Participant: 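Provided herewith is a single structure, encoded as structure tokens, for subsequent inquiry.
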There are 2 protein chains.
Amino acid sequence: MAACATATRGLQQLLVLSALGFLATSAPQPPNIVLLLMDDMGWGDLGVYGEPSRETPNLDKMALEGMLFPNFYSANPLCSPSRAALLTGRLPIRNGFYTSNGHARNAYTPQEIMGGIPNSEHLLPELLKKAGYTNKIVGKWHLGHRPQFHPLKHGFDEWFGSPNCHFGPYDNKVKPNIPVYRDWEMVGRFYEEFPINLRTGEANLTQLYLQEALDFIKTQHARQSPFFLYWAIDATHAPVYASRPFLGTSHRGRYGDAVREIDDSVGKILSLLQNLGISKNTFVFFTSDNGAALISAPKEGGSNGPFLCGKQTTFEGGMREPAIAWWPGHIAAGQVSHQLGSIMDLFTTSLSVAGLKPPSDRIIDGLDLLPTLLQGHMMDRPIFYYRGNTLMAVTLGQYKAHFWTWTNSWEEFRQGIDFCPGQNVSGVTTHTQEEHTELPLIFHLGRDPGERFPLSFASAEYQDTLSRITQVVQQHQKSLIPGQPQLNVCNQAVMNWAPPGCEKLGKCLTPPESVPEKCSWAH
Amino acid sequence: MAACATATRGLQQLLVLSALGFLATSAPQPPNIVLLLMDDMGWGDLGVYGEPSRETPNLDKMALEGMLFPNFYSANPLCSPSRAALLTGRLPIRNGFYTSNGHARNAYTPQEIMGGIPNSEHLLPELLKKAGYTNKIVGKWHLGHRPQFHPLKHGFDEWFGSPNCHFGPYDNKVKPNIPVYRDWEMVGRFYEEFPINLRTGEANLTQLYLQEALDFIKTQHARQSPFFLYWAIDATHAPVYASRPFLGTSHRGRYGDAVREIDDSVGKILSLLQNLGISKNTFVFFTSDNGAALISAPKEGGSNGPFLCGKQTTFEGGMREPAIAWWPGHIAAGQVSHQLGSIMDLFTTSLSVAGLKPPSDRIIDGLDLLPTLLQGHMMDRPIFYYRGNTLMAVTLGQYKAHFWTWTNSWEEFRQGIDFCPGQNVSGVTTHTQEEHTELPLIFHLGRDPGERFPLSFASAEYQDTLSRITQVVQQHQKSLIPGQPQLNVCNQAVMNWAPPGCEKLGKCLTPPESVPEKCSWAH
């Protein structure tokens, strides 16, 4: 049945696209959109953000040719919620990518998760499709791996990549290896057809993902179809990997090898756009899903520069991201914008680039950054930092207020799970969940980007900031309608035992008995 | 007598200089040299080094037009020794700028210090003079304030600035305010004729220092004299200050205001060189004397980016510095060099620029960086990190070995004196002096710039590194002849009670009885 649906849908697409191709000869083509989304890459990992080894010449050049954002944020300190936010333009608390199983708990989409992106959410590719775009996701989807959550059911036309993280290898008995899909069907599994050598760190996945991107761009260019490429690669997520030509080339070890290969790949993508003469008609944005995973440092984790802590936390190191916009001829070269930006803005901005409006029947958190990108406008807006359904902190202008502080439990910490290695700000990087909802800890991120010196409660600056932030939070909470939490229920039976296409490859596995249970989220 | 000596010497200078001016019309003029030395500015304070507020457009442009060094080091985590090292090309342990009064103690030149730069040391301006240079120091001298240490007795032709830090205000009874000199004589005192408003942070000193630099450049250019300008300004040393147009303009608070004024000033100096058409004949280098003073953060201290701790310590935050070389037409634009550089290299490199060789009768620690600057050559060399006469650590290539770890005493730390606020690396940022001379703690600075993850003693990498570093240290220690320590003896009577010129201003104060005593250096 899946195969039949595939064929029907494919035919429909062809008809729609050929109609659009026909139209394209008579109407101006909307700009192409390329979103380059990194996995666990930190703010401090690029030369242009001060990484001392300075091994990202292509990304640094991209910044020099475009606009750099030092104050750009993910929507969550963890991967799945952040990606769901990017593609919906909405906070995870709205689109359902959170758990309510524990207080202030991070959650994502491992294999055993039941949930995924609800049908009620409108994804960026779905909307772009209406304007004639051909949409491809390369790399990690992470918005649910059960059939109803398949990216080609949510607006993408093509997919090469995986539904979950490339953890493993698994035994295919207690846990199946993660499948790699081409479009509707799996074409193999990590550690099997798509090897990752955990000892040497060698894997050619970034090269495969690069080739997919280049081929897609060339094909769509030849077809004169506007395209959306969502390049969601994962070489900097542990276990980090690089292909042989890059292994051992970095001063930063294996993590740096992965960054170098990514930098090289981004250079090749931008060069292709230039060589095809479509750079001026292609909006490109580079960012990452959350802060560097310091728990994996130094071998498999990156750098959050001068910021506090990393992935999993709502300190700056967990959610402030590298971000570069590139659109020659439209975005003037060599700019730095201090606009507070969000990964959710990529939704609204991409729609705006395509000449579309975001859905008007729901709250969209993403702003249209085009006025910033094209005219340097600055817009006031808050940044919300959630863990699960708990609002941990909010940034407004230069001020950040923490309503809750927590890294992880003492129990975990004593076992060596440390989200803030080498950092310890007394009363701030707490290992018990500390409530500050009445008197938040407030930091001035300009004077104190490392969140080390809370403002004095008694100061006029504190009082003034608190009153402004309180208003914003009250407004936010008043209008908030939490989505149905998607990350509450787990079930071993829903893992990737028998993805579509497994039968053709003889790779179908037998699932265990279905036993839905409450997911346990430790931090 | 001082006034008489001044007049005689001034006349001699005029004669010598006019002779050189005459020669200059017939022989090619050696390049001018401008060293821009910051005070307590940290590696992470410039946009080009990743400072998130990115408020240094002129310095960032300077880097884009020249060569940036991410691995450039001061010679000491404190001001006076670092400056003595710059001007002599020699480690403080050799030139005498250290104390032996306590184990691993930082020392500098407060007013009560007896010592200063020994006559036996050859300073950069002394040597440049032989090649016909006119030399000016603007700003902080810090190499001793007693008459024999006066900068005009050590090769400088002109001086506008102070002998010590701009601490104060003092009562002129227990302690005199620091004088400001023009050439041989004082022209006033800080907080008196040269006000610094500690409440508002307003002072126009950077503007005075800028004007001195611009005037000197113009004058020497008109005279066709090659010049050496040592611009040693101190606005980023606590108490930090800025002039009114810059106050309140930074996102980083008062410290940022000071940085912005400096950045603007550097822009004006480089512009003048360009407008006069002498940029291609002027070698300019920008760096700082030691890491940011985190003890003064966030209001009066800067940023060391991703590095550990700050001023006073031999962790990277204490001694890794921003460094930019600029020499249009000679140093190709947009380069980054990973050469391990040292502030002492400015001595040897400046001599090389002038066509001179360093003294051959003593060990010179500074390397000639011209092969790096002009041809991109890389040279192997160690970086030594001293506190007092104790070798705390050494860096060789990517590896850094700590033989001693210490931040400061528990007693001080408990009183709130914290050189590593928000940072705590167990067993590394110790508050007792920990000896590791047999088995040093070794870090790989490429993978772990923050010195958070010591290599395992059992690893082959550790053993290999240890054997290479041991050789280098043994060689260093075998050839080491420590200079006479200059920072051991203090005496209230030697303070700036009656500097030359005070009688003309009616500003001579009466010194107390002379009681030499051992200086007490707490950390």
Side-chain angles (χ1 to χ4, degrees), chain A residues 42-44 46-55 57 60-61 64 68-71 250-256 294 297-299 301 303-309 316 320 334 336-338 397-398 418 420-426 428-429 443-453 455, chain B residues 42-44 46-55 57 60-61 64 68-71 250-256 294 297-299 301 303-309 316 320 334 336-338 397-398 418 420-426 428-429 443-453 455:
Chain A
W43 190 95
L46 274 54
V48 72
Y49 284 97
E51 201 294 313
S53 295
R54 296 203 163 238
E55 296 179 334
D60 299 353
K61 182 162 171 277
L64 277 179
L68 183 87
F69 290 85
N71 309 327
S250 167
H251 288 113
R252 304 181 64 200
R254 188 176 295 179
Y255 183 88
L294 300 186
K299 195 174 173 189
S303 164
N304 296 315
F307 299 116
L308 188 60
C309 302
E316 291 297 282
R320 208 193 277 224
V336 173
S337 172
H338 288 286
Q398 292 275 356
D418 188 354
C420 319
Q423 297 178 314
N424 176 31
V425 183
S426 180
V428 178
T429 53
F443 297 90
H444 185 283
L445 295 178
R447 298 195 299 265
D448 177 23
E451 295 167 281
R452 293 180 293 191
F453 307 99
L455 299 189
Chain B
W43 191 96
L46 275 54
V48 70
Y49 283 98
E51 202 292 313
S53 294
R54 297 206 161 235
E55 296 179 333
D60 299 353
K61 182 163 172 277
L64 276 179
L68 183 87
F69 289 86
N71 309 326
S250 166
H251 288 113
R252 303 180 65 200
R254 189 177 293 180
Y255 182 89
L294 299 187
K299 195 174 173 188
S303 164
N304 296 314
F307 299 115
L308 188 60
C309 301
E316 291 298 281
R320 207 192 277 222
V336 174
S337 173
H338 288 286
Q398 292 274 356
D418 188 353
C420 318
Q423 297 178 314
N424 176 32
V425 184
S426 180
V428 179
T429 53
F443 297 91
H444 185 283
L445 295 178
R447 298 195 299 265
D448 177 24
E451 296 167 280
R452 293 180 293 192
F453 307 99
L455 299 189

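The basis for the numbers below is simple: all heavy atoms, side chains too, and nothing from hydrogens, waters or symmetry mates. Letters A, B, ... are given to chains in the order of the sequence lines, protein chains preceding strands, and every chain is numbered from 1. All of these numbers come straight from a predicted model, not from anything done at the bench.
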Participant: Based on non-hydrogen pairs under 4.5 Å, which of A/Ser303, A/Ser250, A/Ala297 is most in contact with chain B?
Facilitator: A/Ala297

Participant: For A/Arg447, which atoms come within 4.5 Å of any heavy atom of chain B: side chain, backbone, both, or neither?
Facilitator: both

Participant: Between A/Leu445 and chain B, with a heavy-atom cut-off of 4.5 Å, which part of the residue counts as in contact: side chain, backbone, both or neither?
Facilitator: neither

Participant: Under the 3.5 angstrom rule, does the side chain of B/His338 hit a backbone N or O of A/Ser53 as a donor-acceptor pair?
Facilitator: yes

Participant: Go through B/Leu308, B/Asn424, B/Asp448 and name the one with the most non-hydrogen pairs under 4.5 angstrom from chain A.
Facilitator: B/Asn424

Participant: So which part of A/Phe453 gets closer than 4.5 Å to some heavy atom of chain B, the side chain, the backbone, both or neither?
Facilitator: side chain

Participant: Would you say the side chain of A/Pro52 lies within less than 4.5 Å of the side chain of B/Phe307, judging by non-hydrogen atoms?
Facilitator: yes

Participant: With distance as the sole test, does B/Arg452 use its side chain to make a donor-acceptor pair with the main-chain N or O of A/Gly422 at under 3.5 Å?
Facilitator: no

Participant: Contact part of A/Pro449 toward chain B, heavy-atom cut-off under 4.5 Å: side chain, backbone, both or neither?
Facilitator: side chain

Participant: Tell me, for A/Leu68 versus chain B, whether the close heavy atoms (under 4.5 Å) come from the side chain, the backbone, both or neither.
Facilitator: side chain

Participant: Between B/Arg254 and chain A, which part of the residue has a heavy atom less than 4.5 Å away: side chain, backbone, both or neither?
Facilitator: neither

Participant: Show, in sequence, the C-alpha distance, side-chain angles and deciding distance for A/Gln423 and B/Val425, and conclude whether the side-chain contact (heavy atoms from CB on, under 4.5 Å) test is met.
Facilitator: CA-CA 7 Å; A/Gln423 297 178 314; B/Val425 184; over 6 Å; no

Participant: Could you grab the distance from atom OH of B/Tyr49 to atom CZ of A/Arg54, nearest 0.5 Å is fine?
Facilitator: 7.0 Å

Participant: If you count heavy-atom pairs under 4.5 Å with chain B, which of A/Pro306, A/Pro298, A/Pro70, A/Gly450 comes out on top?
Facilitator: A/Pro298

Participant: Determine whether A/Val48 and B/Val48 make a side-chain contact, defined as any pair of heavy atoms from C-beta on separated by less than 4.5 Å.
Facilitator: no

Participant: Is B/Tyr255 close to chain A through its backbone or its side chain, or both, or neither, when contacts mean heavy atoms under 4.5 Å?
Facilitator: neither

